[in-house]
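Everything below concerns the one structure shown next.
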Amino acid sequence: MSKIAVIDFETTGLSPANGDRATEVAVVIIDENRVIGSYQSLMNAGKRIPAFVQRLTGITDAMIRQAPPSSEVMQELAEFVGDIPFVAHNAAFDSKFIDAEWSRIHHQRSQTFACSLLLSRRLYPNFHNYKLGNLARYLNLPTAERSHRALADAELTAKLIIQIKADLQAKYAIDQVSHEMLCLLQKAPKSRIDEVVQKAQRNLRFCNNRYDHETMK
DNA sequence: TGCCAGGCCCTCTTTAGGGCCTT
C-alpha cells in the first residue's frame with residue numbers, strides 16, 4: 001500500500017488524559033506523492049475552548065456549538081481513512097487524541113503512525129528548529145495564510161512528507177519509500193540512518209522477490 | 001493555593017535535567 005493519511009487535530013489543550021477534546025480534524029490522503037482526497041470537520045465535544053487556544057486557532061465556542069457531534073465526525077473519519085497508515089507532525093500528540101476520540105465510539109485504530117517531526121530531525125539535522133511552519137520555510141514549501149487550522153496544517157504536513165520522501169529517494173537512489181521505512185527511520189539513531197535505509201531496502205527487495213516467485217507458481 | 005502532558009533528544013548524561021513540539 002502506498003497511500004498515506006496525513007492527519008491533524010485542533011484541540012482544547014494538550015492532553016486527553018486531562019479532559020482535553022478535539023475541536024477539529026483534517027485528513028489529507030496522498031498516493032505516490034499526489035494528494036488524492038481530503039476530509040475536514042469541526043466537531044462538538046461539549047467542552048469549552050480556553051481563550052488562549054481560541055486566539056491560537058481561531059476556533060471559537062460559537063463555531064463548535066454549531067458543529068456536528070464528535071461521535072458523528074469520528075465515525076465519518078474512521079470510514080474515510082479505513083486502514084490507511086497515518087502521518088502527523090509530532091505524531092505522539094495526534095495519535096493520543098485519535099485513540100481517545102475513537103475509543104469513545106468503540107473504534108480501535110489498526111494503522112501505525114509515522115512522524116514528520118522525528119523524520120525531519122533525522123533528515124535535516126542542521127535546521128534551527130522543527131516547528132511545522134519553520135520547516136516549510138526552510139524547505140521552501142508553499143504555505144497557506146492560515147496556520148493552526150486542521151486542514152491547512154494537514155496539507156502542509158502532506159507537502160513536508162512528500163518532500164521528505166523525495167529527499168530520501170534522491171539521497172539513497174531508491175525508487176520507493178514505504179510507510180514501513182518511514183516508521184523504521186523515525187526511530188533510528190541518527191548515526192545509523194544510512195544503515196537503516198539499506199536494511200529496509202534489502203527487506204523490500206526480499207519481499208518483492210518472494211512475491212514475484214509466489215505469483216509465478 | 002498550586003498544580004495539572006509526554007515522548008524525544010541533547011548534553012555540562014546515563015543514579016539527570018531541561019528544551020522542543022503539538023493545542
Side-chain angles (χ1 to χ4, degrees), chain A residues 4-28 40-65 67 70 73-74 77 86-104 109 112-139 141 143-161 163-164 182-193 195-196:
Chain A
I4 289 175
V6 182
I7 188 167
D8 187 76
F9 278 101
E10 305 305 321
T11 70
T12 62
L14 295 175
S15 174
N18 278 359
D20 289 321
R21 297 294 303 274
T23 57
E24 186 181 40
V25 65
V27 168
V28 172
Q40 176 274 333
S41 182
L42 291 166
M43 65 180 95
N44 185 358
K47 169 97 178 173
R48 295 200 65 173
I49 307 171
F52 162 72
V53 180
Q54 293 194 40
R55 285 194 297 273
L56 177 72
T57 64
I59 299 171
T60 64
D61 286 329
M63 292 163 68
I64 291 306
R65 277 194 294 272
S70 296
V73 173
M74 295 311 294
L77 179 73
F86 281 124
V87 165
H89 197 66
N90 196 10
F93 176 84
D94 294 279
S95 63
K96 67 186 178 184
F97 270 97
I98 198 167
D99 288 349
E101 294 293 345
W102 268 352
S103 73
R104 291 173 177 273
R109 173 167 60 90
T112 54
F113 264 88
C115 177
S116 56
L117 169 63
L118 296 181
L119 289 162
S120 297
R121 282 178 174 159
R122 282 161 175 77
L123 207 56
Y124 314 116
N126 297 322
F127 283 0
H128 183 62
N129 69 52
Y130 297 89
K131 290 180 182 176
L132 182 59
N134 287 339
L135 281 167
R137 278 189 286 278
Y138 298 152
L139 294 167
L141 304 176
T143 58
E145 285 185 17
R146 178 79 217 177
S147 61
H148 292 299
R149 285 298 299 266
L151 185 58
D153 286 358
E155 287 175 339
L156 189 52
T157 304
K159 291 171 188 165
L160 174 59
I161 201 69
Q163 184 67 53
I164 285 171
L182 295 178
C183 289
L184 284 172
L185 278 175
Q186 69 184 357
K187 296 284 185 184
K190 287 182 179 176
S191 60
R192 296 180 60 195
I193 300 294
E195 180 186 333
V196 170

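Given the structure is predicted, the values throughout are model-derived calculations rather than measurements.
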Write down the distance separating the [atom1] atoms in [N] and [M], rounded off to the nearest Å.
N      : M      : atom1 : result
B:dT14 : B:dC10 : C1'   : 13 Å
B:dC12 : B:dC20 : P     : 16 Å
B:dT23 : B:dA5  : C1'   : 11 Å
B:dG18 : B:dC4  : P     : 14 Å
B:dT15 : B:dG2  : C1'   : 29 Å
B:dG19 : B:dT13 : P     : 16 Å

Just to be sure I understand the rule, does [X] reach a base, reach only the sugar-phosphate, or reach nothing, if contact means heavy atoms closer than 4.0 Å?
X        : value
A:Asp20  : nothing
A:Thr12  : nothing
A:Asp94  : nothing
A:Phe9   : sugar-phosphate
A:Asp153 : sugar-phosphate

With rounding to the nearest 0.5 angstrom, report the [atom1] to [atom2] distance, [X] to [Y].
X        : Y        : atom1 : atom2 : result
A:Leu119 : A:Ile164 : CG    : CD1   : 5.0 Å
A:Leu160 : A:Leu141 : CG    : CG    : 6.5 Å
A:His148 : A:Leu132 : NE2   : CG    : 9.0 Å
A:Asp153 : A:His89  : CG    : NE2   : 9.5 Å
A:Ser120 : A:Asn134 : OG    : CG    : 11.5 Å
A:Thr23  : A:Met63  : OG1   : CE    : 8.5 Å

Can any side-chain N or O of A:Glu24 pair as donor or acceptor with the backbone N or O of A:Ile59 at less than 3.5 Å?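 No; judged by distance alone, with no hydrogens or angles, the pair does not exist.
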Mark yes or no for whether A:Arg122, through its side chain, and A:Ala188, through its backbone, hold a donor-acceptor pair below 3.5 Å.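 Confirmed, A:Arg122 side chain pairs with A:Ala188 backbone.
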Please report, to 0.1 Å, the donor-acceptor pairs under 3.5 Å made by any side chain of residues 7-14 of chain A, with sequence neighbours excluded.
unit_1	atom_1	unit_2	atom_2	d
A:Glu10	OE2	A:Ala150	N	3.4
A:Thr11	OG1	A:Gly13	N	3.2
A:Thr11	OG1	A:Gly13	O	2.4
A:Thr12	OG1	A:Asp20	OD1	3.1
A:Thr12	OG1	A:Arg21	N	3.0

What class does the angle between the rings of A:Phe97 and A:Phe93 fall in, given that below 30° is parallel, 30 to 60° is tilted and above 60° is perpendicular?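 Rings of A:Phe97 and A:Phe93: tilted, as their planes differ by 30° to 60°.
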Contact under 4.0 Å: A:His148 side-chain N or O vs B:dT23 OP1/OP2: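 Yes, such a contact exists.
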Please list, by residue number, the residues of residues 43-51 of chain A whose heavy atoms come closer than 4.0 Å to an atom of DNA chain B; answer none if no residue qualifies.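 Within this stretch, nothing sits under 4.0 Å of the strand.
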Grab the [atom1]-[atom2] distance between [X] and [N] for me, whole Å please.
X        : N      : atom1 : atom2 : answer
A:Phe127 : B:dC20 : CZ    : P     : 18 Å
A:Glu24  : B:dT23 : CD    : P     : 11 Å
A:Leu132 : B:dT23 : CG    : P     : 8 Å
A:Arg149 : B:dT22 : CZ    : P     : 17 Å
A:Ile64  : B:dT23 : CD1   : C1'   : 13 Å
A:Leu185 : B:dC8  : CG    : P     : 16 Å
A:Asn129 : B:dT22 : CG    : C1'   : 13 Å

Going by side-chain contact (heavy atoms from CB on, under 4.5 Å), name the residues that satisfy it together with A:Pro125, two or more places apart in sequence or in a different chain.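 For A:Pro125 there are no side-chain contact (heavy atoms from CB on, under 4.5 Å) partners, ignoring immediate neighbours.
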Got a sec, which residues hit ring-ring contact (aromatic ring centres under 6.0 Å, His included) with A:Tyr130, two or more places apart in sequence or on another chain?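 In terms of ring-ring contact (aromatic ring centres under 6.0 Å, His included), with neighbours along the sequence ignored, A:Tyr130 is linked to no residue.
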Every protein N/O lying under 3.5 Å from an N/O of nucleotides 9-13 of chain B:
unit_1	atom_1	unit_2	atom_2	d
B:dC9	OP1	A:Arg122	NH1	2.3
B:dC9	OP1	A:Arg122	NH2	2.8
B:dC9	OP2	A:Arg122	NH2	3.1
B:dC10	OP1	A:Lys190	NZ	2.3

Check: A:Phe86 and A:Asp94 side chains under 4.5 Å, non-hydrogen atoms: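 Of all side-chain heavy-atom pairs linking A:Phe86 with A:Asp94, none is under 4.5 Å.
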Polar-atom pairs under 3.5 Å, protein N or O versus N or O of nucleotides 4-6 of chain B: list them with distances, or write none.
none

